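Heads up: numbering here begins at 1 and tracks the sequence. Just so we're clear, the structure is a prediction, and the values are computed from it rather than from any experiment. Indexing begins at 1, ligand by ligand and atom by atom, following the structure's order. These values consider heavy atoms only, across backbone and side chains, with no hydrogens, waters or symmetry-generated copies.
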Amino acid sequence: MEHMRHKNLPGTTEARLLEQTHCHVLAMMFAGHETTASTMLFAVKYISENPEVLAALQAEHDVIRESKDKDAVSGLTWDDFKKMNLTQHVITETIRLCNPIGLLWLETKDDVPMQGYVAPNGWKVICAIREAQHDPGNYENPKQFNPWHHGQPHHSFCHPIRRYLHSTAQQRGCFSTLQQNLNPANRLPFFGFGGGARLCLGADLAWLEILVFLHQLVTKFQWELCGEDVESYFPLPKLSKGLQINVHKHIKSDPIPSAC
Ligand code: HEM
């Protein structure tokens, strides 16, 4: 804003600057907060509705918890995150099912062949990521929450846009390091954080926040759903009653410090 003020560009008024400031604050609240919060909300919903996933998650996190020296003040470490394989699939699957962002606005930097057509270099392309992630050609039972299908190797880079985004992102050195390290195969067509030069700036932060949240949730608490929600998707995935749950302290819960 200061830059714009100093430049004194035509049309730069105090009212315009204030409006721009509001716009950026709202954008950061949406990009940095709502997206992650909405993913956490739906992760709790899906886990609650799938007891076999909850049991497997608890087993994964119990191993991490039990590996900690109970007297030492040691929080979660990078090595612990690398052991959270199923948890990562849960996050990917949650975002696949209810992506907070519906569309990506892209410009091709090459001719991109796609299902018998070519999107020529320089074209503006809108990528409807929710639809791509719900395509039965890519996902068997696409409406079903199934974190395990992200662990299957046979889908490797099968989607042309995914391949394109991946290669441009790698060329520019901006592919999400956390997801790459922890989920090196990146097997299914998944556009949750976009890709290429505009890959979500907060992807790794969001990923870590959700991993820590799920770790704390499944190791320290038990809960049950109380009430039925109706899902809606405009402008963000929402639940009509905000997912009401009864929460109790987990019988096994003990001190892993919440800081990590
Ligand atoms: C689960 C959480 C999140 C999801 C699903 C998500 C998803 C996305 C998507 C799909 C894009 C568009 C990428 C593209 O155009 O290729 C994006 C962009 C962006 N995100 Fe996120 N995001 C999340 C969390 C965050 C957080 C925590 C922050 C900041 C702290 C953040 C900041 C941004 C910014 C600044 C951009 C614009 C990047 C650019 O245009 O260069 N996001 N995000």
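Side-chain contact check for Tyr117 and Gln115: no donor-acceptor pair (N or O, by modelled atom type) lies under 3.5 Å. Counting only N and O atoms by type, the side chains of Glu60 and Thr87 include a donor and acceptor under 3.5 Å apart.
Residues His22 and Leu18 form a side-chain contact, since some pair of their non-hydrogen atoms from C-beta on lies under 4.5 Å apart. With a 4.5 Å cut-off on side-chain heavy atoms, Leu239 and Leu41 count as touching.
Closest to atom 19 (C) of ligand 1 by heavy atom, among Ala27, Gly202, Cys200, Gly102, is Cys200. Taking each of Ser38, Ala31, Cys127 in turn, the one with a heavy atom nearest to atom 32 (C) of ligand 1 proves to be Ala31.
Atoms of ligand 1 lying under 4.0 Å from at least one heavy atom of Gly194, given by number and element, are 10 (C), 13 (C), 14 (C), 16 (O). Near Gly192, the atoms of ligand 1 lying under 4.0 angstrom from a non-hydrogen atom of the residue are 5 (C), 7 (C), 10 (C). Residue-ligand proximity, Ala206 to ligand 1, at heavy-atom distances under 4.0 Å covers atoms 2 (C), 24 (C). Against a heavy-atom cut-off of under 4.0 Å, Ile101 is close to the following atoms of ligand 1: 7 (C), 8 (C), 9 (C), 10 (C). Near Pro100, meaning under 4.0 Å from any of its heavy atoms, are these atoms of ligand 1: 5 (C). Close approach of ligand 1 to Leu205 (heavy-atom distance below 4.0 Å) involves ligand atoms 30 (C). For ligand 1, the atoms sitting less than 4.0 Å from at least one non-hydrogen atom of Thr39 are 1 (C), numbered in the order shown with element in parentheses. Set against the non-hydrogen atoms of Leu104, the atoms of ligand 1 under 4.0 Å away are 10 (C), 12 (C), 13 (C), 14 (C), 15 (O), 16 (O).
Of the polar atoms of Gly32, none of the N or O atoms is found under 3.5 Å from an N or O of ligand 1, judged by distance alone.
Contacts between Ala203 and ligand 1 below 4.0 angstrom, taking non-hydrogen atoms only, are absent altogether.
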Could you go through the side-chain contact (heavy atoms from CB on, under 4.5 Å) check for Ile91 and Leu214 one step at a time? CA-CA 9 Å; Ile91 299 174; Leu214 290 176; 4.1 Å; yes
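Classified by interplanar angle (parallel below 30°, tilted 30° to 60°, perpendicular above 60°), the ring pair Phe42/Tyr46 is tilted.
Salt-bridge annotation for Asp229 and Lys238: absent, with no side-chain N of the basic residue lying under 4.0 Å from a carboxylate O of the acidic one.
Remark: the backbone N or O of Gly122 is paired with a side-chain donor or acceptor of Thr108 at under 3.5 angstrom.
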